Amino acid sequence: MGRPVPEAVPEGVLESAPGRVPQAVVPEELAELVALVRHSVDAGALEQAAALAFRLREHTARAFGREHPYTLEAHALEAFVAHRSDNHRLAAATCIELARIRHRQGDPRVREELTRAAAAWLLVEDVPSAVGHGRALLAVLLAVSSTRGEQGGRTVVDAALPRLVNRRMRALTEASDARVTGAA
């Protein structure tokens, strides 16, 4: 059984998966750790890269705070490694959390995070996880859309992403309902 993915995926969404190494902005003392994460990814040592990225995020959160720019960049690096490791649930969850934080901070990069979150979420195959992350993604999308609506700044991508998420959520719940009831 393939995962239910809507036919019409807005241009650029799948290309925006956390598939490129973020330009981590960290203090010099952590640059070596970031370089080790990148080297591990390049070498295919993805478990090591994931452990290092987790360590980096935890360290920056303790040293600078959970919503400090260094910590957010470490989060983005962790999402990238999760995506490369095919851990799309973690990549989606991390990108959704980053989007929440960036929205709260008024950071214009919230749009990038939402696009990455949607791209990672589309790859989540576990239906209950996909539904849970889809609800969280929709909540952030709606919060961002309402804020932008209040400011008069809606864009085409802003409207396309909620539609995409809604379509996939319907497909996921229909597929789940069909399995529960035994319908074909």
Side-chain angles (χ1 to χ4, degrees), residues 3-6 8-20 22-25 53-54 57-58 60-61 64-176:
R3 63 182 171 265
V5 176
V9 176
E11 187 175 321
V13 169
L14 291 178
E15 293 79 21
S16 295
R20 64 171 178 75
Q23 296 301 317
V25 178
F54 174 80
R57 181 181 51 80
E58 288 296 307
T60 56
F64 303 103
R66 300 202 72 69
E67 296 189 8
H68 188 278
Y70 294 156
T71 306
L72 299 182
E73 293 304 320
H75 251 317
L77 187 58
E78 189 175 27
F80 166 75
V81 173
H83 174 73
R84 289 290 300 269
S85 301
D86 292 331
N87 188 345
H88 303 296
R89 284 189 303 190
L90 178 59
T94 303
C95 289
I96 291 166
E97 182 59 22
L98 278 168
R100 272 191 199 110
I101 294 168
R102 293 197 193 280
H103 172 63
R104 226 180 4 255
Q105 294 178 344
D107 188 329
R109 291 178 292 173
V110 66
R111 185 170 171 229
E112 295 170 32
E113 297 301 348
L114 286 169
T115 304
R116 286 187 191 105
W121 175 71
L122 286 170
L123 298 172
V124 175
E125 294 181 357
D126 173 53
V127 173
S129 293
V131 169
H133 290 317
R135 286 184 182 133
L137 180 56
L138 268 176
V140 179
L141 282 165
L142 293 174
V144 169
S145 293
S146 68
T147 302
R148 287 206 176 149
E150 291 168 6
Q151 298 169 352
R154 297 198 73 180
T155 66
V156 173
V157 174
D158 290 338
L161 280 177
R163 283 196 305 267
L164 168 70
V165 175
N166 277 320
R167 279 195 309 267
R168 182 164 188 238
M169 290 291 285
R170 274 194 299 278
L172 287 166
T173 54
E174 287 169 6
S176 179

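Sequential numbering from 1 along the given sequence is applied to the chain's residues. Keep in mind the model is a prediction, meaning the values are calculated, not measured.
Taking Asp126 as the reference, Arg89 meet the salt bridge (Lys or Arg N to Asp or Glu O under 4.0 Å) condition, with sequence neighbours excluded.
Atom CZ of Phe80 is separated from atom SG of Cys95 by 11.5 Å, given to the nearest 0.5 angstrom. Atom CH2 of Trp121 is separated from atom CG of Leu161 by 10.0 Å, given to the nearest 0.5 angstrom. To the nearest 0.5 Å, the span separating CD on Glu113 from CD1 on Ile101 amounts to 9.5 Å. Here CD of Glu97 is found 9.5 Å from CG of Leu72. Values are rounded to the nearest 0.5 Å.
Contact annotation: the side chain of Asp86 approaches that of His88 to within less than 4.5 Å [non-hydrogen atoms, C-beta and beyond]. Using a 4.5 Å heavy-atom threshold, the side chains of Thr60 and His68 count as separate. The closest side-chain heavy-atom distance from Arg66 to Arg57 is below 4.5 Å.
The pair Arg109-Glu73 counts as a salt bridge, with a side-chain nitrogen and a carboxylate oxygen less than 4.0 angstrom apart. Glu67 and Arg104 are joined by a salt bridge, as a carboxylate oxygen and a charged side-chain nitrogen come within less than 4.0 angstrom of each other.
Remark: the backbone N or O of Leu90 is paired with a side-chain donor or acceptor of Asn87 at under 3.5 angstrom.
For the pair Arg168 and Val124, the tightest heavy-atom approach, listed with the atom from each and the gap, is NH2-O, 2.6 Å. Listed here is the closest heavy atom pair of Ala61 and Thr71: N-OG1, 3.4 Å. Scanning both residues, Ala79 and Ala91, for their nearest heavy atoms gives O-CB, 3.7 Å.
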Enumerate, atom names and distances included, each donor-acceptor pair closer than 3.5 Å involving a side-chain atom of residues 130-143, sequence neighbours excluded.
none

Decide yes or no on side-chain contact (heavy atoms from CB on, under 4.5 Å) for Leu98 and Arg100, but give the supporting numbers first.
CA-CA 5 Å; Leu98 278 168; Arg100 272 191 199 110; over 6 Å; no
